[in-house]
Amino acid sequence: MKPSIRGVAAAALSLVVLASLASSQAIATTHKGAPFNARTYLKTHGYLPLRGVATLKAMKAYAAAQAAKLHPAANTPSSAAAPTIGSSWKGVVNQGFTPPDPNGAIGPNSYVEIVNTNIAIYQRNGSLVATSLMSALTGHSNGSDPMVLYDPGTQRFYYNIWDTTQATMQWGFSKNANPTSLPGSFCNYSASFGYQTTNFPDYPKLGQSGKFLMIGVNFYPTITSQVATRSDLLWITKPQGRDPITTCPAASTFKNGKFTDLRNQDGSQAFTPVPAIQTDPNKNGFVVASSDTECPPMPCPNGNLITVYGLRPSSSDPTVPQLSPPHSITRGTYTGPPDAPQKGSSFDIDTLDGRLSHAVSAVDPVNNGGKVAIWTAQAILGGAGSEDVWYEINPLPLSSPSIVQQGTISSNSLYVWNAAVSPDRTFNTSGQAAHGGTMVAGFTTSSANAFPAIQMVSKVGAGAQSAFVLVKQSATADLDFGCAQLG
């Protein structure tokens, strides 16, 4: 899954082997007999339900009942070209947190991985360069939902981690394209975006454009709030230029702000905005969001919208962005997935709630006429119970985005979820770009008869999607200390 030229692959390809299995550890059961506490729920689930615990449980129960009615056709083996496993190694581990929220990003020489409270730098062959607690960078020990990306435009790694106590985003960047020490190779900052310590800007997703970092969040007013009352998009100006930094700029160098209450084109609330991680440097960035599929009302509502926003520098002040109006794509209706059973345990694994999980933007010279495209995916009801649907979206013109192609990762015997999809687009340190017409998606599978596993598929150009390729099979059920804390 490494690029075939010395370059930078889109982020999803760099993380699926190391992270997908570990990120499946949010067990979908809830505390009983105690008032709702967002921090407690977050520690054992990794995200907050959009419409409350009872609503999420109702949606999961509805999806499970519908899954029992599914009679998928037998899998048809594919003769399409399949991906092969490249460098693979055991990533950074901290057994004191669940779920671990792992993700990573790859640069010209380095791979950087983050779990909830730990960060590690590896060479591209898996050799460990440095590892540290995130608190060594941020000065804070209450981090959650970390993300890291590599930006080919400025040739730096960027990270963001939400401080759940202070309701601030701790963020920073590497001083060059090849960090070698922690915290010494990074510059570190904090931004509040006007949130109060009682607020919960949950599930922060990090992306970037040429001039700005973007962070999408679901907003909860208080620690006891079970309903996301709106979705926000936060922004931060990036350092410009590719030259290495020796002295970190002052915090006042960087502006920040937010766009509040993002909506779909029909006026409904847009849930879980996910900024695209940009592979081809461009001043224009993109954000995708989706419909809410939780319930009641019963039966659970079907989602059918994927909404696209564009972000670019304002013409009056290029250091401040402007966000386009929302424009939605109507796709076939979908319902959130049931939780996934696993062999050897009565605990089901959380498959999320139909939200988009990741997004990458890159030029596609094969399927989209050399124009930029957004690649994203979501787990929905289907297959044996849960299946992943991936999309390649043409965001331009912003007034009428469209789906270039989409595919379903599904099995008649395995639940499929947790997909990260990306093209093979590369962009090297000399500014040369290549590839872009092939996609690889990594995902997690399990069933009542199968332990959790990391698998992947690929699709070359207009060819067929490949059969599943097993990356790593667990030898036991996914059980951690979080299970014992749940009723």
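A quick note: this is a predicted structure, and the numbers were derived from the prediction, not measured.
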> Is a side-chain donor or acceptor of Thr445 paired with a backbone partner of Tyr415 at a separation under 3.5 angstrom?
Replying inline: no
> Would you say Pro338 and Leu381 make side-chain contact, with heavy atoms under 4.5 Å?
Replying inline: yes
>> Could you check, using the six-membered ring where one of them is a Trp, whether Tyr41 and Phe36 have ring centers closer than 6.0 angstrom?
In response: yes
> Hey, are Thr138 and Ser135 close enough side-chain-wise for a donor-acceptor pair under 3.5 Å?
Replying inline: no
> Among Gln378, Gln406, Gln405, whose side chain to side chain donor-acceptor pair (under 3.5 Å) with Tyr391 holds?
Replying inline: Gln378
> Any donor-acceptor pair under 3.5 Å linking the side chain of Ser185 with the backbone of Leu182?
Replying inline: no
Name each donor-acceptor pair under 3.5 Å that joins a side chain in residues 207-214 to protein atoms two or more places apart or in another chain, with its distance.
{"from": "Gln208", "atom 1": "OE1", "to": "Gln278", "atom 2": "N", "distance (Å)": "2.8"}
{"from": "Gln208", "atom 1": "NE2", "to": "Asp151", "atom 2": "OD1", "distance (Å)": "3.1"}
{"from": "Gln208", "atom 1": "NE2", "to": "Gln278", "atom 2": "O", "distance (Å)": "2.9"}
{"from": "Ser209", "atom 1": "OG", "to": "Phe212", "atom 2": "N", "distance (Å)": "3.3"}

> Any chance the rings of Phe259 and Tyr309 have centres within less than 6.0 Å?
Replying inline: no
> When the aromatic ring centroids of Phe200 and Trp162 are compared, is their separation below 6.0 Å?
Replying inline: yes
>> If the threshold is 4.0 Å, N to carboxylate O, is there a salt bridge linking Lys255 and Asp317?
In response: yes
>> Can you see whether Thr330 engages Asn304 through a side-chain donor-acceptor pair at a distance of less than 3.5 angstrom?
In response: no
> Are Asn142 and Thr164 close enough that a side-chain donor and a side-chain acceptor fall under 3.5 Å?
Replying inline: no
> Sub-3.5 Å donor-acceptor pair from the side chain of Ser357 to the main-chain atoms of Ala419, do we have one?
Replying inline: yes
> Taking the six-membered ring for Trp, are Tyr158 and Tyr150 ring centroids under 6.0 Å apart?
Replying inline: no
